[in-house]
Structures are given as C-alpha cells and as structure tokens.
Amino acid sequence: MKLSDISNGPGWIIWVAFIIFTLISVMLLSGHGSWFISGYNVTSSQEKEKYDEKKLCRTTGAGMAVIAALILFMGLFEEKLPEGFAVAALLIIVADCLVIIILSHTKCRKQE
C-alpha cells in the first residue's frame, strides 16, 4: 500500500497546508511575527525581556521550515511513499517540536 491509498479527503488540502507553513516560516525566519509563537505572544513584557525575540523567531521559523519541507515531500511523492511514512512523518514532527522547545528555552534566552 502507498501513502495515497490511506489518505482521505481532497488532494489540495496538503498544498494549502504547505503554503500556510511556508508563509509563516518565511515570516518567522525574517525575524518578524513573534505573535505567531504560542505562549510568547501572551507573556508579560518583563518575561519577554528574558528572550532574544529575533533568535526565538528564527528558531521557530526553522522548525516550521522543516515541517513545510516534510509536507512538500509528502505531497510530491504521495504515490510512491509507503503507508508507514505517515508514522515516520509524525515522529519527525514531534522530534522537531521538541527541538524547537528545547532551543527556545536555552539558546534563545538572553544571557544575564
């Protein structure tokens, strides 16, 4: 079985998801769009001062770019990929999110 055999719904949805992830990733990589970062957008100004906003945006943007690339890969090779790739993609996304979380709490903090 192929990935396309187990996918339900219209095929255009994956391309819309790719476009959305790519646009958000580009915005974050450019150092803007911190309001897209969950948690950071609602913290107090005192808490925001502890983080380097540009680094935080770029770290999150790089992680989003990995997910966008994975979605693109799945969209382009849906007919050739085995069905088990869906599980592998999920594990890659979870690992990517963990890396984003770890880096945002370590490398993106300002040195005091």
Notebook entry, point to check: Taking a hydrophobic cluster as the set of Ile, Leu, Val, Met, Phe, Trp and Tyr residues connected by side-chain heavy atoms closer than 4.5 Å, whether directly or through intermediates, do Phe18 and Leu81 fall within one such cluster?
Noted result: yes

Item checked: Pairs satisfying ring-ring contact (aromatic ring centres under 6.0 Å, His included), at least one member in residues 44-74, at least two apart -> Phe73-Phe77, Phe73-Phe85

Item checked: Note, Cys57 side chain near Leu29 side chain (heavy atom, < 4.5 Å) -> no

Check: Which pair of non-hydrogen atoms, one from Lys2 and one from Glu78, has the smallest distance, and what is that distance?
Finding: CB-O, 4.3 Å

Next item on the list: Quick one: pull up OG1 in Thr22 and CG in Leu72 and give me the separation to the nearest 0.5 Å.
Entry: 7.5 Å

Only pairs under 3.5 Å count here: list side-chain donor-acceptor contacts from residues 62-70, not counting sequence neighbours, and write none if there are none.
none

Check: Distance from Thr60 atom OG1 to Lys55 atom NZ, nearest 0.5 Å?
Finding: 13.0 Å

Item checked: Single-linkage hydrophobic cluster Ile13~Leu23, side-chain heavy atoms < 4.5 angstrom -> yes

Item checked: Nearest-0.5 Å distance, SG of residue Cys108 to CD1 of residue Ile100 -> 10.0 Å

Margin query: Does Lys107, at its NZ atom, have more than 12 non-hydrogen atoms belonging to other residues, nucleotides or ligands within less than 6.0 Å?
Written below: no

Margin query: In the structure I gave you, are the side-chain heavy atoms of Ile37 and Leu28 within less than 4.5 Å of one another anywhere?
Written below: yes

Check: Does Thr43 have any side chain to side chain donor-acceptor pair (under 3.5 Å) partners at least two apart in sequence or in another chain, and if so, which?
Finding: none

Next item on the list: With sequence neighbours excluded, tell me which residues meet salt bridge (Lys or Arg N to Asp or Glu O under 4.0 Å) with Glu83.
Entry: none

Next item on the list: Please name all residues satisfying side-chain contact (heavy atoms from CB on, under 4.5 Å) with Val94, sequence neighbours left out, ordered by chain then number.
Entry: Leu90, Leu98

Next item on the list: For Arg109 and Glu47, work out which heavy atoms get closest and say how close.
Entry: NH2-OE2, 4.5 Å

Next item on the list: State the CD1-OG1 distance between Ile101 and Thr106, to the nearest 0.5 angstrom.
Entry: 11.5 Å

Next item on the list: Drop me the distance from Ile14's CD1 to Ile71's CD1, to the nearest 0.5 angstrom.
Entry: 6.5 Å

Notebook entry, point to check: Does the side chain of Ile24 reach to within under 4.5 Å of the side chain of Ile20, using non-hydrogen atoms?
Noted result: yes

Checklist line | Distance, nearest 0.5 Å, that separates NZ of Lys54 from OG of Ser30 | finding: 7.5 Å

Margin query: If I compare all heavy atoms of Gly33 with all of Met27, which pair ends up nearest, and what's the gap?
Written below: CA-SD, 4.0 Å

Check: Who passes side chain to side chain donor-acceptor pair (under 3.5 Å) against Ser104, sequence neighbours left out?
Finding: none

Next item on the list: Could you state whether Val16 and Phe21 fall into the same hydrophobic cluster, counting links through intermediate Ile, Leu, Val, Met, Phe, Trp or Tyr residues with side-chain heavy atoms under 4.5 angstrom apart?
Entry: yes

